[in-house]
Amino acid sequence: YSLQGRIITDEITASINALPSSYLDRIVSSIFDDPTAKTVAGWQADTMNVTSVGEGTIALIRCSGDVRTGGETKSWSAIVKVVEPGASNKFGGGDGSGVWTEINVYRGDIFATKAGPLRGGRCYLADEQDDGLYWLWIEDLSHLSGFDWTPNQYSLAASSIGQFRGRWLTEDLAALDWL
């Protein structure tokens, strides 16, 4: 992990911590399926202690806090995946086209619409920033796994998903039961 990458990640994390609550209200409204949900002051964005090998991934940040919804205060969390469209894999390979595929898959909420033992997180918001980076606000699924994956298990899963490079996006998704 380069020093430059650390500085950029720290800047993005600081930007998320400084967001107005009206911005986060869009996220929590989607999380709780409640258009009246309101973020309670004091949310926290923290850099995740992982390195992504995905094309164009700049940072992975976990944002969490409390929300007022349905007359109650509840906890919420989301993962912010920051990607740079057109960027290649920082470890070599890739032409950058996979970043747009990923953004469009999340915009379409394709991963989250599949039932069964494997599903991706819902995308609450795919937000293009003024600097051209995209902040993908994704459902935090860390509480669902039941066990901690090893780095090799994450690598195998990412590799398996990456082999398809979005080829199914032109197919009838209903026919892809394995997805």
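Just so you know, residue 1 is the first one in the sequence shown, and it goes up from there.
Taking 4.5 Å as the limit, every side-chain heavy atom of W76 sits out of range of all side-chain heavy atoms of T69. Two residues are said to be in side-chain contact when any heavy atoms from C-beta on lie closer than 4.5 Å; R122 and S30 meet this criterion. Two residues are said to be in side-chain contact when any heavy atoms from C-beta on lie closer than 4.5 Å; I31 and W137 fail this criterion. The shortest distance between side-chain heavy atoms of K38 and V28 does not fall below 4.5 Å. Between C63 and W135 there is no side-chain heavy-atom pair separated by less than 4.5 Å.
Atom CD1 in I8 sits 8.0 Å away from atom CD in E84 (nearest 0.5 Å). To the nearest 0.5 Å, the span separating CH2 on W43 from OG on S21 amounts to 5.0 Å. Atom CG in L136 sits 12.0 Å away from atom CD1 in I79 (nearest 0.5 Å). Summarising the geometry, atom CZ belonging to R68 is positioned 12.5 Å from atom OG1 belonging to T39; distances are rounded to the nearest 0.5 Å. How far CE of M48 is from CG of D140: 7.0 Å, rounded to the nearest 0.5 Å. To the nearest 0.5 Å, atoms CD1 (I27) and CG (L125) are separated by 4.5 Å.
Aromatic ring centres of W100 and Y134: separated by under 6.0 Å.
In this structure a side-chain-to-backbone donor-acceptor pair under 3.5 Å is missing from E139 to G121. Although no hydrogens or angles enter the test, the distance criterion places a donor-acceptor pair under 3.5 Å between the side chain of N17 and the main chain of A45.
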Would you check, one step at a time, whether the test side chain to side chain contact (heavy atoms under 4.5 Å, CB included) holds for S29 with D34?
-> CA-CA 5 Å; S29 291; D34 176 2; 5.9 Å; no
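Annotation for D33: atom CG does not count as buried by contact number, only 12 or fewer foreign heavy atoms lying within 6.0 Å.
Transitive grouping of hydrophobic side chains (ILVMFWY, heavy atoms separated by less than 4.5 Å) keeps L24 and V40 in distinct clusters.
Nearest heavy-atom pair across I58 and T9 is O-OG1, 3.6 Å.
The cationic atom of R26 (NZ for Lys, CZ for Arg) lies less than 6.0 Å from the six-membered ring centre of Y23 and within 45° of the ring axis.
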